[in-house]
Amino acid sequence: MMSVALITGCSSGFGMLSAARLSAAGHTVYASMRNLQKKEALLVEVESRGGEVKLLKLDVTDNTTIDDAINTIESERGRLDILINNAGYGLGGFFEDISEREFRDQMETNFFGVLKMTRRALPLMRRSTTDHGNVKIINISSAQGRAPIPGLGAYGTSKWALEGFSEALYHELAPFGIRVVIVEPGSYRTEIFTSNAHVAEQADNQVSPYARFSVALRRKIETMTKGGSVGMGDNPEVVAELIEKIVRSRSPKLRYVVGRQARIRILLRAVLPMNCYSGLLRKALFGSVERSFET
């Protein structure tokens with residue numbers, strides 16, 4: 001039986017590719033985005049694969065648009081089998097260079113947005129278990145949810161919080177037959193590093209004690225996002241392919257780590273003493289600038 005799926009953040013990246021794959025496979029896909037003027041890339045991708053999606057305007061920080069989206073799905077389909085919480089962005093900046101407003105905005109989208117979506121969708125999803133029996137919430141986290149890096153601490157914090165929420169929800173929803181799945185991609189060449197990237201207003205402040213590290217980190221990310229760069233996943237399609245497999249699976253795992261870089265980082269974080277792991281991480285990110293931490 002094909003699923004009825006709602007995906008947030010479909011204007012680009014994992015959301016767009018997942019919507020295209022699932023629709024091509026025959027699922028009913030409600031593809032949502034905050035700004036419907038950015039729909040063209042999605043529609044081209046979907047058409048190229050022979051699928052069809054239903055577009056919804058949805059801002060995960062706006063309860064009204066969330067209500068409208070769920071009400072539309074309930075009215076048109078009467079059920080919701082799959083919720084893919086994908087919408088989010090990355091905020092660059094060291095903690096002292098990030099304002100409280102910027103940090104809260106990061107949490108509002110990446111974490112509280114997931115809470116809002118899940119809370120509103122769950123009543124309909126619980127009813128869907130009666131007819132479908134393969135109901136899932138798939139939360140798109142990140143390797144930074146378990147192995148955060150300096151200079152992206154706000155983003156890592158939002159994903160760390162998402163990990164804890166998702167694991168608790170996994171236990172809470174099990175008696176209702178609803179599976180919760182966390183997908184933890186590493187670094188892939190998606191718009192999270194370009195058009196969806198946010199930089200703290202003070203990140204370029206030359207008098208900041210972190211100025212040298214901000215420059216070094218930005219150069220590292222720019223190098224990684226170029227084609228063929230070491231450490232950056234080549235094709236985000238593998239994440240969408242995994243999501244399609246999870247949708248089909250009757251017994252998915254709680255966590256899926258995607259990408260060699262992500263697996264290595266999470267493994268090193270788990271097995272190495274923290275001082276050793278931290279030294280390796282800082283050296284990899286900042287190179288010769290890393291020595292300045294000691295001055």
Same hydrophobic cluster for Val180 and Met125, using side-chain heavy-atom links shorter than 4.5 Å among ILVMFWY?
-> yes
Answer yes when Asp81 and Lys136 have at least one side-chain N-carboxylate O distance shorter than 4.0 Å, and no when they do not.
-> no
Is Leu272 linked to Ile266 within one hydrophobic cluster, defined over Ile, Leu, Val, Met, Phe, Trp and Tyr using a side-chain heavy-atom separation of less than 4.5 Å?
-> no
Between CZ of Arg146 and CG of Leu267, what distance do you get to the nearest 0.5 Å?
-> 10.0 Å
Quick one: do the Asn85 and Thr8 side chains pair a donor with an acceptor below 3.5 Å?
-> no
Tell me, do Ile82 and Leu6 make a side-chain contact under 4.5 Å, heavy atoms counted?
-> no
Indicate yes or no: at least one non-hydrogen side-chain atom of Leu162 is less than 4.5 angstrom from one of Met107.
-> no
Kindly indicate whether the side chain of Val4, heavy atoms from C-beta on, has any atom under 4.5 Å from the side chain of Ile73.
-> yes
Kindly determine whether Asn71 and Arg120 satisfy side chain to side chain donor-acceptor pair (under 3.5 Å), including the steps that lead there.
-> CA-CA 10 Å; Asn71 288 339; Arg120 184 61 181 83; 2.7 Å; yes
For the residue pair Ile178 and Arg126, establish whether any side-chain heavy-atom pair is separated by less than 4.5 Å.
-> yes
Taking side chain as C-beta onward, heavy atoms only, is Tyr89 less than 4.5 Å from Asn110?
-> yes
Do Ile149 and Leu268 share a hydrophobic cluster (ILVMFWY, side-chain heavy atoms under 4.5 Å, transitive)?
-> yes
With distance as the sole criterion, is a donor-acceptor pair present between the side chains of Thr61 and Asp59 under 3.5 Å?
-> yes
Assign the ring pair Phe94 / Phe286 to parallel, tilted or perpendicular, where the plane angle (0 to 90°) is split at 30° and 60°.
-> tilted
Is it true that the side chains of Gln144 and Tyr155 contain a donor and an acceptor less than 3.5 Å apart?
-> no
Answer yes when Arg218 and Asp204 have at least one side-chain N-carboxylate O distance shorter than 4.0 Å, and no when they do not.
-> yes
Could you tell me whether Arg255 and Glu163 have a side-chain N and a carboxylate O separated by less than 4.0 Å?
-> yes
Electrostatic pair Lys159:Glu184 at N-O distance under 4.0 angstrom | no
Could you tell me whether the side chain of Ser23 and the main chain of Val53 form a donor-acceptor pair under 3.5 Å?
-> no
Does one hydrophobic cluster hold both Val114 and Leu254, with members joined at side-chain heavy-atom distances below 4.5 Å?
-> yes
Might you work through the salt bridge (Lys or Arg N to Asp or Glu O under 4.0 Å) test for Glu201 and Arg101, ending with a clear yes or no?
-> CA-CA 11 Å; Glu201 292 176 2; Arg101 174 187 57 80; 2.9 Å; yes
Indicate yes or no: at least one non-hydrogen side-chain atom of Arg127 is less than 4.5 angstrom from one of Glu74.
-> yes
